[in-house]
Amino acid sequence: MKKVHYMDDEVIGSESPQGRDASLFKPSKSEINLYQRHVEDILSDSAYKPDGEKISLRNLLDISPTLSEAASAIIDDSFTRCFKSNQTEPWNWNIYLFPLWCLGVIVRYGILFPIRLVLLTLGWIIFLGLFLPVHFGIKNHEEVRKTIERGLVEFICSVFVASWTGVVRYHGPRPSRRAKQIFVANHTSMIDFIILEQMTAFAVIMQKHPGWVGLLQTTVLESLGCIWFDRTESKDRSIVAQKLKRHVECEDSNPLLIFPEGTCVNNEYTVMFKKGAFELDCTVCPIAIKYNKIFVDAFWNSKKQSFTMHLIGLMTSWAVVCDVWYLEPQTLKLGETPIEFAEREMVQLLSI
């Protein structure tokens with residue numbers, strides 16, 4: 001990057017032309033011709049000078065191409081790329097590959113999708129047939145009820161993963177329930193929670209959602225001790241912070257899972273972690289989730305696609321391939337701020 005030096009106006013205007021020859025400030029004829037040729041070269045492009053027109057002040061002051069380039073640079077900056085879904089290049093471009101692509105579409109939509117849909121439907125029937133009687137029937141034995149509910153939630157999450165033909169490899173020790181610890185993970189889609197939940201019944205902090213997802217939040221996931229927040233409510237921040245502290249200090253609570261990025265990122269980049277998860281004065285256990293895009297892109301862009309259509313896209317793919325790493329627990333170092341702690345955890349996840 002080059003450093004631009006600006007001239008001081010006081011230096012330029014510090015001496016009057018009366019004290020020296022005014023011709024020193026007057027450009028020569030050769031210099032004028034040189035500047036004119038340079039301007040003509042710039043304006044020779046059709047974007048600046050239409051055919052058959054002479055150079056005019058309007059053409060000279062037209063900065064729309066520059067503004068267009070600047071706008072393109074802003075749109076394509078590194079932060080915006082974190083939320084873009086990269087389109088796969090078409091491979092069915094000739095007569096030899098196109099029949100294979102058509103066969104794949106028939107298999108995925110005509111055979112695999114109906115089978116997966118039946119599997120998911122049967123899973124929900126079994127889950128609801130067991131969960132509702134346990135949730136509303138067992139009131140006097142809370143510990144037994146919570147244990148059964150955790151097992152049923154892990155079951156339905158396993159059914160979801162099976163409906164995508166999920167191939168998930170877990171690395172590291174399985175999380176356990178302990179006081180004064182939280183788990184943080186990078187966030188690509190809501191299926192991150194499902195993939196992690198099929199192994200361990202986490203209590204997650206999550207935004208309130210409408211529709212059938214919101215119904216599950218207030219019924220099924222509420223039994224796990226999950227914490228919900230509403231971005232439109234200004235008072236929710238302090239309320240959620242108090243709930244987090246109470247949850248972390250309780251030994252009987254399910255492990256708390258937080259996605260400190262605060263939004264879904266396309267699994268190629270990581271945005272800055274929010275410091276709230278690192279101000280709880282407890283052990284932080286990082287979890288790195290990496291998706292293989294060989295069959296499908298698991299990134300969910302909630303502004304362009306509903307979660308239902310996102311699930312259908314996963315169910316009509318060949319498979320969802322994913323790796324999960326449970327990394328070494330970390331604590332706040334002496335003299336380290338929560339922001340520095342969050343940055344250190346982010347760097348650790350990026351190293352995977």
Side-chain angles (χ1 to χ4, degrees), residues 120 123 127 146-147 149-178 181-207 209 213 216-217 220-229 244 247-248 253-267 270 273-274 277-278 280 282-293 296-300 302 307 310-311 314 319-330 345-346 348-350 352:
L120 185 61
F127 171 77
K146 288 184 177 180
T147 301
E149 287 176 345
R150 282 196 296 266
L152 290 174
V153 171
E154 292 177 3
F155 163 75
I156 191 61
C157 289
S158 299
V159 172
F160 266 110
V161 175
S163 68
W164 319 321
T165 314
V167 181
V168 185
R169 292 176 293 184
Y170 297 90
H171 312 270
R174 181 174 177 173
S176 59
R177 286 195 296 169
R178 294 179 184 175
Q181 76 169 2
I182 62 171
F183 293 82
V184 297
N186 58 304
H187 198 23
T188 305
S189 167
M190 272 206 297
I191 70 170
D192 301 336
F193 170 72
I194 298 175
I195 289 174
L196 296 177
E197 199 76 9
Q198 75 163 345
M199 287 292 292
T200 304
F202 285 103
V204 67
I205 174 172
M206 185 186 298
Q207 179 184 355
H209 290 273
V213 177
L216 291 180
Q217 287 179 320
V220 177
L221 299 182
E222 191 75 29
S223 63
L224 299 177
C226 297
I227 302 173
W228 318 119
F229 65 90
L244 287 176
H247 188 101
V248 169
S253 300
N254 291 320
L256 182 62
L257 175 65
I258 301 177
F259 298 104
E261 290 173 300
T263 185
C264 294
V265 184
N266 62 10
N267 209 234
T270 301
F273 285 178
K274 300 182 184 298
F278 305 89
L280 299 175
C282 60
T283 303
V284 177
C285 305
I287 301 176
I289 306 173
K290 183 63 177 178
Y291 292 95
N292 191 327
K293 300 181 180 180
V296 67
D297 186 0
F299 171 57
W300 176 43
S302 58
F307 188 63
H310 179 59
L311 288 180
L314 299 179
V320 175
V321 183
C322 174
D323 284 274
V324 177
W325 285 270
Y326 298 108
L327 305 179
E328 290 292 330
Q330 303 291 327
E345 292 301 296
M346 183 181 66
Q348 185 179 11
L349 291 181
L350 287 173
I352 299 299

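These numbers come from the heavy atoms of this one structure, side chains and all, not from hydrogens, waters or symmetry mates.
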Pairing residues for Asn292 by the side chain to side chain donor-acceptor pair (under 3.5 Å) criterion, not counting sequence neighbours: none

Side-chain heavy atoms of Phe160 within contact of Ile191, under 4.5 Å: no

Test salt bridge (charged side-chain N to carboxylate O under 4.0 Å, His left out) applied to Glu149 - qualifying residues, sequence neighbours left out: Arg145

Sequence neighbours left out, what passes side chain to side chain donor-acceptor pair (under 3.5 Å) with Thr165? Give chain and number order. Arg116

Rounded to the nearest 0.5 Å, what separation is found between the SG atom of Cys264 and the CZ atom of Phe299? 6.5 Å

Across all chains, not counting sequence neighbours, the ring-ring contact (aromatic ring centres under 6.0 Å, His included) partners of Phe183 are Phe202

With rounding to the nearest 0.5 Å, note down the distance linking CD1 in Ile258 to CG in Leu280. 6.0 Å

Sequence-distant partners of Val220, side chain to side chain contact (heavy atoms under 4.5 Å, CB included), two or more places apart: Phe127, Phe131, Val153, Leu216

Taken in chain and number order and not counting sequence neighbours, the residues that satisfy side chain to side chain contact (heavy atoms under 4.5 Å, CB included) with Ala201 are Arg150, Glu154, Glu197, Leu224

At what distance, to the nearest 0.5 angstrom, does CG of Leu244 lie from CG of Leu256? 6.0 Å

Side chain to side chain donor-acceptor pair (under 3.5 Å) filter on His187, not counting sequence neighbours, yields Asp192

Hey, what do you get for SG (Cys282) to NE2 (His247), rounding to the nearest 0.5 Å? 10.5 Å

A side-chain contact here means heavy atoms from C-beta on lying under 4.5 Å apart; do Trp164 and Leu311 qualify? yes

Looking at every non-hydrogen atom in both residues, tell me the closest pair between Gln330 and Glu345 and how far apart they are. CG-OE2, 3.0 Å

Partners meeting side chain to side chain donor-acceptor pair (under 3.5 Å) with Gln198 (sequence neighbours left out): Ser158, Tyr170

Of all heavy-atom pairs between Pro255 and Ser176, which one has the smallest distance, and what is that distance? CG-O, 3.9 Å

Side chain to side chain contact (heavy atoms under 4.5 Å, CB included) involving Ala185 - partner list, sequence neighbours excluded: Leu196, Leu257, Phe259, Ile287, Ile289

So how far is it from Cys226 SG to Asn254 CG, rounded to the nearest 0.5 Å? 8.0 Å

Looking only at non-hydrogen atoms, find the nearest pair between Ala277 and Val184 and report the distance. CB-CG1, 4.3 Å

Nearest heavy-atom approach of Leu314 to Ala298 is CD2-CA, 4.5 Å

Is any side-chain heavy atom of Val168 closer than 4.5 Å to one of Val324? yes

To the nearest 0.5 Å, how far apart are CD in Gln181 and OG in Ser253? 11.5 Å

Going by the rule ring-ring contact (aromatic ring centres under 6.0 Å, His included), which residues pair with Phe273 if we only count those two or more places apart in sequence or in a different chain? none

Test: salt bridge (charged side-chain N to carboxylate O under 4.0 Å, His left out). Region: residues 155-171. Which pairs qualify, not counting sequence neighbours? Arg169-Asp323

Ser189 and His310, any side-chain heavy atoms less than 4.5 Å apart: yes

For Phe155 against Gly123, the heavy-atom pair lying closest together: CE2-O, 3.7 Å

